[in-house]
Amino acid sequence: MSAPLSSSAESRKELTVRGLILGTVITLVFTAANVFFGLKAGLTFATSIPAAVISMAILRQFKGVTVQENNIVQTVASAAGTLSAIIFVLPGLIMIGWWNGFPYWVSFGICALGGVLGVMYSIPLRRALVTNSDLPYPEGVACAEVLKVGGGEADVNSSAEDLAAGVESSRAGLLAVIWGSITSALFAVVVATQVFASDVAQYFRIGSKGSVSGYDFNLSFALFAVGHLVGLWVGVALLVGFIIAWGGAVPYYSWLNPLAGVAADVAQATWSHKVRFLGAGTIGIAAIWTLAKLVKPVISGLTSAMAASRVRSAGAAHTLPRTERDIPIGVVGIITLACLVPIAWLLGDFSISAHLGEHVVLLVAGGLVYIVLMSFFVSAVCGYMAGLIGSSNSPLSGVGILVVIGAALLLVLGVKPLLPAEAGKALVAFALFATAVVFAVATIANNNLQDLKTGQLVDATPWRQQVALIIGVVVGAAIIPPILDLLNHAYGFAGVAGVDPSRALPAPQAALISALAQGVIQGNLDWNLIGIGALIGAVIIALDEVLSRSSKSVRLPPLAVGLGIYLPTSTTLMIVVGAFVGWYFDKRAERTAKPEAVKQLGVLLASGMIVGESIIGVLLAALVVFSGKAAPLGLVGENFASAAIWIGGIAFAAVMIVLYAWISRLGRAGTTVPTR
């Protein structure tokens, strides 16, 4: 065990009031962006890097700023931003007709209590999956490098030139985020005027027997940016999933069950009712495979946590390195139990309001046991995948599928026989409610481990980060429900009665998870489709394992293939384009004098694109609600649609070329420095 750090290291600024306030302010923006983007695209983005850049640019105006203090700011912001992934489940309660809106205190309780549990679960997992692991944690490492390069705490050996370069690097990074945000926001505004088309799409019939297919490129800077961030091989996997879905499954099932109507409607109906369940099976088997690989590291992590606890209880806490001091395991246990009490109350209150009061004891006891056990398992799965491919790509969708199917099956076996037939809808709602709590735990544990990896690399104190994570969770939980309500009133969710499908937010994960819950409990789920999807997933897993043994870089992530099958084509294809363009940009960056600096600016530009478009989406939602108009900024009519496609497509490509050329020049100009 290494020796304790010096007193100067112990006393440096880390968990400060100004850092917490700044992290909270950034949280308000990024959480709103993530909620909207997740409902639109079915994906959320990691907020750590843009939060770190903004933090460094602002805190540089103050004295005594440290890298560790900047790390606390991004920790708060990223925790709240990641909690927005609860949108993968909660809208399902509206989709099945159980809720009309999002009751504030119930929604807050689900997010806050589940999120705090996620922080607690991440503590024993830290040693297994961060300290004693060789997982790459791409987003955590990238964020750490941004913090190091941006500076904040002057090294005693740093020259004046180094310090000046550090200041310039953070300015360049901030410029990348700002201009990415402004550009994507302005483009989204022009799209809202309908002068630019929102997408380039075509659906068509194949042959004369009713088979259909198609494609849809959403002209979204945010989706393009996600592709840049996830990288080439995730993009390739999404493309493989798209080909399986729209090159094979949609034509096959539409030929097998020919439908009359417009090709686009037939294709979307076939994908929605058939093909996306193949994706569910693929995602599910990928999540199970991940879980099976985690048994050993999880046990190791628990053992390490208990060993650290014994050191503390023996009065030797001071012998632990500062960078290994978590919140004590005893306190973790107390906080966990304290969270379970209100969760039990929420389950009981929900059961009574659903007219299941006669079985409230069974539902509460069973629900608690399920939440406790399943939450820990999925936390381990998501943490491992965050370490492998990043928080943005972690299998939250697959986790939600497994959790809701498990909850629904238990309800069918243990509770449904005791109830009248008309109680089926209430059981579906209860399954979604319990899944939402587990999901909040999973998404936070997934994010926390990424943040704790960043902390490890910048010499942060784990327990201080864990406190910051709890604060971020509470802030995020406070603002997510009103944002969801705003978007629900402005746009609504696809498939809900009375909602205009042309304006509705797809919320694909919530739609799929609620459909699975209904299918299991009502007994009409097509298990054959799930099974075929699982078989596809097994083949992809085998292929990925072969690739991993033959090459260090070439992979085919099974989860991403599953996402490519069940996400809308309007989401998938632009992400694929972004992944290939991002790969090409990085290859060209490698030819420059400072390749890592140029690549990092590309990451920051992409992060800004996501934030700008998403924030405009939320503001437009407010405008729709207050104006009462579906397209309050519309300047042209439907007869302009054909021209809008060409104008929008050309403008999108031109702006993207200009942005990437600018960011390359910015990196080559020497305004950034290589990672230390």
Side-chain angles (χ1 to χ4, degrees), residues 15 72 75-76 78-80 82-83 85-86 108-131 294 297-310 312-313 324-347 367-384 386-387 391 394 396 399 403 434 436-453 455-456 460-477:
L15 186 64
I72 288 295
T75 297
V76 173
S78 67
T82 303
L83 187 61
I86 194 67
F108 171 81
I110 290 172
C111 295
L113 295 169
V116 172
L117 275 181
V119 177
M120 296 303 104
Y121 281 147
S122 70
I123 292 171
L125 289 173
R126 184 184 69 83
R127 287 184 173 85
L129 299 181
V130 178
T131 304
L294 279 175
V298 167
I299 293 174
S300 173
L302 286 172
T303 304
S304 298
M306 296 305 295
S309 178
R310 287 193 293 272
R312 286 180 177 274
S313 62
E324 284 299 310
R325 296 177 190 174
D326 296 296
I327 293 176
I329 200 70
V331 176
V332 170
I334 292 171
I335 295 176
T336 299
L337 292 175
C339 288
L340 293 178
V341 173
I343 288 175
W345 183 87
L346 285 173
L347 292 172
L368 272 181
V369 171
Y370 186 73
I371 286 170
V372 170
L373 296 179
M374 186 59 76
S375 293
F376 189 78
F377 288 144
V378 299
S379 295
V381 172
C382 290
Y384 181 86
S391 300
S394 201
L396 293 177
V399 164
V403 172
V437 178
V438 176
F439 206 81
V441 177
T443 186
I444 286 300
N446 162 52
N447 170 77
N448 289 2
L449 292 170
Q450 197 78 245
D451 284 334
L452 290 170
K453 181 64 178 181
Q456 179 194 39
T461 309
W463 75 262
R464 291 189 172 97
Q465 266 196 285
Q466 289 151 8
V467 170
L469 288 164
I470 293 173
I471 294 171
V473 163
V474 174
V475 173

Original post:
Got Val437 and Leu346 here, is their nearest side-chain heavy-atom distance under 4.5 Å?
Top reply: no
Original post:
Ser122 and Leu449: which non-hydrogen atoms are nearest, and at how many Å?
Top reply: O-CD2, 3.8 Å
**OP:** Could I get the full list of side-chain contact (heavy atoms from CB on, under 4.5 Å) partners for Ala440, not counting sequence neighbours?
**Re:** Leu83, Ile86
Original post:
For residues Lys453 and Gln450, is any side-chain donor paired with an opposing acceptor at under 3.5 Å?
Top reply: no
Subject >> Main-chain N/O of Ala460 paired with Gln465 side-chain donor or acceptor, under 3.5 Å >> reply: no
**OP:** Working to the nearest 0.5 Å, report the span between CD1 of Ile123 and OH of Tyr121.
**Re:** 12.0 Å
Original post:
Got a sec, which residues hit side-chain contact (heavy atoms from CB on, under 4.5 Å) with Ala344, two or more places apart in sequence or on another chain?
Top reply: Val364, Leu368
Please table the atom pairs, donor to acceptor, closer than 3.5 Å between any side-chain atom in residues 330-341 and protein atoms at least two apart or in another chain.
{"unit_1": "Thr336", "atom_1": "OG1", "unit_2": "Val332", "atom_2": "O", "d": "2.7"}

Original post:
Out of curiosity, Leu117 CG to Ile343 CD1, how far, rounded to the nearest 0.5 Å?
Top reply: 4.5 Å
Donor-acceptor pairs under 3.5 Å, side chain of residues 369-376 to any protein atom, not counting sequence neighbours: which ones?
{"unit_1": "Tyr370", "atom_1": "OH", "unit_2": "Val403", "atom_2": "O", "d": "2.6"}
{"unit_1": "Tyr370", "atom_1": "OH", "unit_2": "Ala407", "atom_2": "N", "d": "3.1"}
{"unit_1": "Ser375", "atom_1": "OG", "unit_2": "Ile371", "atom_2": "O", "d": "2.4"}

For a quick test of your reading: what N or O donor-acceptor pairs under 3.5 Å do the side chains of residues 466-474 make, sequence neighbours left out?
{"unit_1": "Gln466", "atom_1": "OE1", "unit_2": "Ile327", "atom_2": "N", "d": "2.9"}
{"unit_1": "Gln466", "atom_1": "NE2", "unit_2": "Asp326", "atom_2": "OD1", "d": "2.7"}

Subject >> Residues which pass ring pair (Phe, Tyr, Trp, His ring centres under 6.0 Å) with Phe108, listed by chain and number, not counting sequence neighbours >> reply: Trp105
